[in-house]
Student: 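Attaching a single structure in structure tokens format; questions to follow.
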Amino acid sequence: MSSLRHNWKTEEIQAIHDKPLLDLIFEAASIHRENFDPQKVQVSSLISIKTGGCPEDCSYCPQAARYNTGLEAQGLMKTDAVLEMAKRAKNQGASRVCLGAAWREVKDNNQFDQVLDMVKGITNMGVEVCCTLGMLNENQADKLKKAGLYAYNHNIDTGQDYYKSIISTRTYDDRLNTLKNVQKAKISVCSGGIIGMGETKKDRIGMLTTLSNLTPHPDSVPINTLVAVKGTPLEKQKEVPIWDLIRMIATARIIMPHSVVRLSAGRNSRRAQDQALCFLAGANSIFSGEKLLTTPNPEFNEDKELFSLLGLKETPAFESSQREKKQPAFESSQREKSQAASLTQ
Ligand code: SF4
């Protein structure tokens with residue numbers, strides 16, 4: 001079985017990333033099958049509980065108050081309304097509900113208390129709850145854990161060297177520090193990044209190097225492609241070629257074999273055959289539902305059609321981290337290999 005490593009070198013990752021494409025996909029697909037049921041894809045739904053008006057300057061983000069994107073800022077949603085949306089998402093097949101707030105950081109105030117109530121309420125519905133609320137200290141992470149939070153998303157966005165070209169209002173180390181606080185609270189870590197922001201291949205490999213050297217690896221690794229929004233500094237960026245996305249997904253699958261790799265933002269413009277290749281290369285999670293925070297995303301019924309076409313099914317809640325369930329499949333494949341070897345001896 002593919003073993004977990006936390007000492008990947010940049011050159012090693014680059015060599016994997018640059019393999020002939022079909023070899024890369026084959027290797028990633030094989031590792032995917034050793035570690036996961038390849039028919040299962042986790043379906044998450046993302047609710048923007050507080051939209052826009054963010055003081056940060058992330059160049060890709062229409063929610064940054066300083067960019068003129070025409071986005072209408074909205075305060076924190078009422079808890080009942082969020083619970084209602086979460087219930088609908090669950091009924092449509094989501095096993096994870098993510099709550100996103102356009103904040104720089106969590107503050108110990110009444111709004112955080114409301115978020116804790118949302119987390120409790122949605123956890124009681126029997127789905128995984130993930131939050132993405134900005135920077136977090138240890139105490140706040142503990143409070144979220146006590147409220148039942150399953151996962152926390154905090155992306156490192158890109159490679160360390162390129163990070164300062166994209167965001168100036170907080171540092172790479174700030175990001176890593178929040179991830180540490182989440183890990184300490186024993187909350188599942190969701191962390192990945194975005195490609196298509198003008199970064200080089202070296203920056204992309206740098207991002208994967210950082211993620212794969214975290215101990216443990218993030219449980220979920222979202223690979224986003226930029227959705228260029230008018231009014232943001234990155235509005236003129238071209239869409240990332242599908243082959244670049246597939247290479248990133250396959251490389252993430254190979255170097256972090258136990259992590260759920262999420263085919264994330266930017267999926268709306270991809271054809272079914274493009275997405276099929278991403279699943280083959282090891283992606284096993286998506287966001288479903290008409291909007292991904294503020295940008296368009298495939299609706300639940302479109303994804304149901306896609307799943308039916310490809311013979312995929314939704315991963316039930318709380319199963320993606322129970323990898324021991326896949327052990328028998330691996331053991332039988334190992335048995336087959338040893339039987340084949342003994343026949344040739
Ligand atoms: S990505 Fe998050 S932190 Fe950055 S501007 Fe957007 S909402 Fe704010």
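These numbers come from a predicted model, not from an experiment. Computed from heavy atoms alone, side chains included, the values below leave out hydrogens, waters and symmetry copies. Just follow the structure's listing: the first ligand is 1, and inside any ligand the first atom is 1.
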Student: Would you say Leu136 and Leu76 are hydrophobically clustered, going by side-chain heavy atoms of ILVMFWY under 4.5 Å?
Tutor: yes
Student: Does ligand 1 have a heavy atom under 4.0 Å from the side chain of Met135, from its backbone, from both, or from neither?
Tutor: neither
Student: Give a yes or no on whether the backbone of Leu133 and the side-chain of Tyr152 come within a donor-acceptor separation of less than 3.5 Å.
Tutor: yes
Student: For atom 2 (Fe) of ligand 1, is the nearest protein heavy atom under 4.0 Å away?
Tutor: no
Student: Relative to atom 8 (Fe) of ligand 1, how many protein N, O or S atoms have a separation of less than 2.8 Å?
Tutor: 1
Student: Relative to each other, are the rings of Phe318 and Tyr150 parallel, tilted or perpendicular (30° and 60° limits)?
Tutor: perpendicular
Student: List ligand 1 atoms under 4.0 Å from Arg170, heavy atoms only on the residue side.
Tutor: 3 (S)
Student: Glu105 and Arg170: salt bridge (Lys or Arg N to Asp or Glu O under 4.0 Å), yes or no, with the steps?
Tutor: CA-CA 10 Å; Glu105 66 213 324; Arg170 55 173 194 274; over 6 Å; no
Student: Is it true that Glu12 and Arg5 have a side-chain N and a carboxylate O under 4.0 angstrom from each other?
Tutor: yes
Student: Tell me whether Glu314 is salt-bridged to Arg96, with the criterion being a basic N under 4.0 Å from an acidic carboxylate O.
Tutor: no
Student: Hey, could you give me each pair passing side-chain hydrogen bond (donor to acceptor under 3.5 Å, both in side chains) that has a residue in residues 226-243? Not counting sequence neighbours.
Tutor: Glu239-Ser269
